[in-house]
Amino acid sequence: MTSHSSLGLWTLEDADGSLRQSMARLVVPTKGQRFHQISQPVNGWLKSFGAGDGLITLFLRHTSASLTIQENTDPDVQADIIDALDRLAPETVGYRHHMEGADDMPAHIKTLLTGVNLQIPVIGGEMDLGTWQALYLVEHRDGLHQRTVTLHYLGT
């Protein structure tokens with residue numbers, strides 16, 4: 001790694017073949033519409049193989065849940081976000097798609113609004129999240145689910 005301290009930048013170099021990639025899948029059991037913090041298991045996985053500096057890509061393999069980076073201190077933030085998403089995609093609209101229950105189509109809309117993939121810089125073997133940030137899987141459906149997140153790391 002070359003530092004350019006006056007700019008606050010650095011460059012990953014692969015002259016000796018030190019760049020590598022690793023992949024894994026994280027299974028997150030969920031119950032009901034809420035935020036599930038996954039920062040610790042993801043950082044634990046990065047530490048498990050000695051990640052250095054690079055980039056982690058996360059991809060959620062579902063269309064009725066999402067990934068987000070959000071406030072990690074005040075739980076009211078999460079409750080307010082869930083309330084706001086419920087106002088944007090209420091269950092009572094009368095959607096055409098309803099084979100899997102009244103909560104399914106609103107969950108698809110919430111996922112469309114929030115997304116299923118993230119890319120996060122990794123510095124010193126940990127995600128470079130801010131002081132008040134955490135990584136979350138957001139469940140948009142009622143009931144029990146097993147959600148799967150594919151993790152991909154590329155770096156030193």
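Predicted model only: the values in this text are computed from it and were never measured.
- For the atom pair Asp83 CG and Leu88 CG, the distance stands at 11.0 Å (nearest 0.5 Å).
- No single ILVMFWY cluster, assembled from side-chain heavy atoms under 4.5 Å apart, contains both Leu112 and Leu118.
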| Taking it one step at a time, do Ser66 and Tyr136 satisfy side-chain contact (heavy atoms from CB on, under 4.5 Å)? | CA-CA 8 Å; Ser66 59; Tyr136 293 94; over 6 Å; no
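- In this structure, the side chains of Leu137 and Phe35 stay at 4.5 Å or more apart for every pair of heavy atoms.
- Atom CD1 of Ile123 is separated from atom CG of Asp53 by 6.5 Å, given to the nearest 0.5 angstrom.
- Cluster annotation: Val42 is connected to Val116 through the hydrophobic network of ILVMFWY side chains, with a link wherever side-chain heavy atoms come within less than 4.5 Å.
- Summarising the geometry of Thr63 relative to Thr111, their closest heavy-atom pair is O-OG1, 3.3 Å, with the distance given to 0.1 Å.
- Checked options Val149, Leu26, Asn117; the residue passing with Leu58 is Val149 (criterion: side-chain contact (heavy atoms from CB on, under 4.5 Å)).
- When every heavy atom of Gly125 is checked against every heavy atom of Leu46, the shortest pair comes out as O-CB, 3.5 Å.
- Annotation: side chain of Ile81 is in contact with side chain of Gln70 (closest heavy-atom distance under 4.5 Å).
- Residues Leu144 and Thr30 fail the side-chain proximity criterion, which asks for heavy atoms closer than 4.5 Å.
- Taking every heavy atom of both residues into account, Pro106 and Tyr95 meet most closely at CG-CE1, 3.6 Å.
- In this structure, CZ in Arg25 is found 13.0 Å from NE2 in His152, a value given to the nearest 0.5 Å.
- Counting all heavy atoms, side chain and backbone alike, Gln119 lies closest to Thr57 at CG-OG1, 3.7 Å.
- Cluster annotation: Phe59 and Trp45 are assigned to the same hydrophobic cluster (Ile/Leu/Val/Met/Phe/Trp/Tyr, side-chain heavy-atom contacts under 4.5 Å, transitive).
- In the model, Arg96 has no side-chain atom that pairs as donor or acceptor with a side-chain atom of His98 under 3.5 Å.
- No side-chain heavy atom of Leu55 sits less than 4.5 Å from a side-chain heavy atom of Ile120.
- Closest approach of Ala65 and His140 over heavy atoms only: CA-CD2, 3.5 Å.
- Contact between Leu129 and Ser39 at its shortest, heavy atoms only, is CD1-OG, 4.0 Å.
- Under the 4.5 Å side-chain criterion, counting only non-hydrogen atoms from C-beta, Val28 is not in contact with Gln146.
- Judged by distance alone, with hydrogens and angles left aside, the side-chain atoms of His145 form no donor-acceptor pair with the main-chain N or O of Glu139 at under 3.5 Å.
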- request: Determine, stepwise, if the pair His97 / Asp104 fulfils side chain to side chain donor-acceptor pair (under 3.5 Å).
  value: CA-CA 8 Å; His97 174 72; Asp104 189 44; 2.6 Å; yes
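- In this structure, CE in Met105 is found 4.0 Å from CD1 in Ile109, a value given to the nearest 0.5 Å.
- Rounded to the nearest 0.5 angstrom, Leu67 CG and Leu60 CG are separated by 4.5 Å.
- Judged by distance alone, the side chain of Tyr153 and the main-chain N or O of Arg20 form no donor-acceptor pair under 3.5 Å.
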* Check against side-chain contact (heavy atoms from CB on, under 4.5 Å), Ile56 and Val122 -> CA-CA 7 Å; Ile56 185 168; Val122 174; 3.8 Å; yes
Please evaluate residues Gln37 and Asn72 with respect to the criterion side chain to side chain donor-acceptor pair (under 3.5 Å), reporting the C-alpha separation (whole Å), side-chain torsions for both, the decisive distance (0.1 Å), and the verdict.
CA-CA 9 Å; Gln37 190 177 142; Asn72 66 2; 5.8 Å; no
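- No more than 12 heavy atoms of other residues, nucleotides or ligands shown are found within 6.0 angstrom of NZ on Lys31.
- In this structure a side-chain-to-backbone donor-acceptor pair under 3.5 Å is present from Asn43 to Met127.
- A distance-only check finds no donor-acceptor pair linking the side chain of Thr73 to the backbone of Trp132 [under 3.5 Å].
- Using modelled atom types and a 3.5 Å distance limit, the side chains of Ser64 and Arg147 yield a donor-acceptor pair.
- Here the straight-line distance linking atom CG of Leu135 with atom NE2 of His36 works out to 13.0 Å at 0.5 Å rounding.
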